[in-house]
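The first residue of the sequence shown is numbered 1, and numbering continues consecutively from there.
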Amino acid sequence: MLTIYHNKRCSKSREGVCFLENLNKPFETIHYLEKTLTYTELETIIKKLKIKPIELVRVKEKDWVENFKDKNLTDKEIIEAMLQFPKLIERPIVINGEKAVIARPSELINTIL
């Protein structure tokens, strides 16, 4: 089962949903701004993406610039920052089992099918 972590206000995220709809495969949509992720859930997503936590951060977001930009944060602190300010999480994230991708552009979803 495919899962997309989606922000309906983001055009790239909406493109990811459309891409999945066009695949005609069932998928689950998680609106991560409405349903807060747990530390373990976010940590698991990062592991599946095979990236460092900072690579999932939208570093140009106002909340990052104002609160974290020039700080030397640990991976744990970066994850906690994303949990405190979910808008910092890059999107959309698509997961297929143990594989995951930040679907920018949405065609990257093909790499985990």
Side-chain angles (χ1 to χ4, degrees):
M1 168 74 97
L2 295 165
T3 302
I4 184 166
Y5 288 83
H6 175 55
N7 175 351
K8 57 188 169 192
R9 298 185 75 192
C10 172
S11 64
K12 295 294 183 189
S13 196
R14 289 191 306 269
E15 287 173 18
V17 168
C18 286
F19 189 91
L20 290 175
E21 288 172 344
N22 289 334
L23 289 176
N24 292 319
K25 292 184 178 184
F27 66 93
E28 176 185 14
T29 302
I30 296 176
H31 298 274
Y32 66 92
L33 294 180
E34 297 165 15
K35 179 210 172 273
T36 306
L37 299 172
T38 67
Y39 185 94
T40 302
E41 287 171 326
L42 188 53
E43 186 178 46
T44 299
I45 290 167
I46 292 166
K47 286 178 183 174
K48 288 180 180 187
L49 288 166
K50 298 178 182 166
I51 61 174
K52 291 284 203 183
I54 191 65
E55 295 174 75
L56 190 58
V57 174
R58 298 174 56 83
V59 295
K60 293 181 182 176
E61 279 287 335
K62 180 181 175 186
D63 289 327
W64 181 264
V65 173
E66 290 180 355
N67 297 295
F68 307 104
K69 182 180 178 196
D70 294 320
K71 294 182 180 177
N72 186 17
L73 302 175
T74 65
D75 287 350
K76 182 177 186 221
E77 290 170 326
I78 293 168
I79 292 171
E80 288 169 352
M82 287 188 279
L83 294 173
Q84 183 179 359
F85 299 99
K87 283 194 288 183
L88 296 179
I89 300 171
E90 189 62 80
R91 70 261 180 175
I93 301 166
V94 179
I95 296 179
N96 184 13
E98 293 303 309
K99 300 176 191 173
V101 67
I102 300 169
R104 297 176 76 92
S106 56
E107 291 78 19
L108 288 174
I109 295 169
N110 286 322
T111 65
I112 62 166
L113 296 178

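Smallest separation of non-hydrogen atoms from Ala103 and Val94: CB-CG2, 4.1 Å. Contact between Thr29 and His31 at its shortest, heavy atoms only, is CG2-NE2, 3.6 Å. The shortest non-hydrogen separation linking Leu2 to Leu20 is CD1-CD2, 3.9 Å. Taking all atoms of both residues into account, the shortest heavy-atom contact from Arg104 to Pro92 is CG-CD, 4.1 Å.
Phe19 meets the ring-ring contact (aromatic ring centres under 6.0 Å, His included) test with no other residue; sequence neighbours excluded. Checked against side-chain contact (heavy atoms from CB on, under 4.5 Å), Lys60 has no partners two or more places apart in sequence or in another chain.
Put simply, the side chain of Lys87 never gets that close to the backbone of Arg58: no donor and acceptor are under 3.5 Å apart. Asp75 places no side-chain N or O within 3.5 Å of a backbone atom of Pro53 that could act as its donor or acceptor partner.
Salt bridge status for Glu90 with Lys12: absent, with no side-chain N to carboxylate O gap under 4.0 Å.
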Report task. Tell me, with the steps shown, if Val57 and Phe68 meet side chain to side chain contact (heavy atoms under 4.5 Å, CB included). Result -> CA-CA 11 Å; Val57 174; Phe68 307 104; over 6 Å; no

Requested in this report: Please lay out, stage by stage, how Glu61 and Phe85 fare under the test side chain to side chain contact (heavy atoms under 4.5 Å, CB included).
Outcome: CA-CA 10 Å; Glu61 279 287 335; Phe85 299 99; over 6 Å; no

Requested in this report: Take Ile89 and Leu42 through the side chain to side chain contact (heavy atoms under 4.5 Å, CB included) test and state the conclusion after the steps.
Outcome: CA-CA 10 Å; Ile89 300 171; Leu42 188 53; 4.3 Å; yes

Query raised in the report: After noting the C-alpha distance and the side-chain angles of His6 and Arg91, does the key distance pass the side chain to side chain contact (heavy atoms under 4.5 Å, CB included) rule?
Result: CA-CA 7 Å; His6 175 55; Arg91 70 261 180 175; over 6 Å; no

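Taking a 6.0 Å sphere around CD of Glu34, one finds it holds more than 12 heavy atoms contributed by other residues, nucleotides or ligands. At most 12 heavy atoms of other shown residues, nucleotides or ligands fall within 6.0 angstrom of atom NZ in Lys50.
Both Ile93 and Ile79 belong to a single network of hydrophobic side chains, linked directly or stepwise wherever heavy atoms of I, L, V, M, F, W or Y lie under 4.5 Å apart. Under the 4.5 Å side-chain heavy-atom criterion for ILVMFWY residues, a single connected hydrophobic cluster contains both Leu56 and Tyr5. Both Ile95 and Leu83 are assigned to one and the same hydrophobic cluster, defined by single-linkage of ILVMFWY side chains at heavy-atom distances under 4.5 Å. Grouping the Ile, Leu, Val, Met, Phe, Trp and Tyr side chains by contacts below 4.5 angstrom, directly or via other members, places Leu108 apart from Ile46. Both Val17 and Leu113 are members of a single hydrophobic cluster when ILVMFWY side chains are connected at heavy-atom separations under 4.5 Å.
Counting heavy atoms from C-beta outward, Ile45 and Leu37 have side chains that approach closer than 4.5 Å.
One finds the CE atom of Met82 at 7.5 Å from the CH2 atom of Trp64 (value rounded to the nearest 0.5 Å). Distance OG1/Thr36 to CD/Gln84: 11.5 Å, rounded to 0.5 Å. Rounded to the nearest 0.5 angstrom, Ile109 CD1 and Lys99 NZ are separated by 14.0 Å. Between Leu33 atom CG and Asn7 atom CG the span is 4.5 Å, to the nearest 0.5 Å.
Under the salt bridge (charged side-chain N to carboxylate O under 4.0 Å, His left out) criterion, no residue pair touches residues 21-30, with sequence neighbours excluded.
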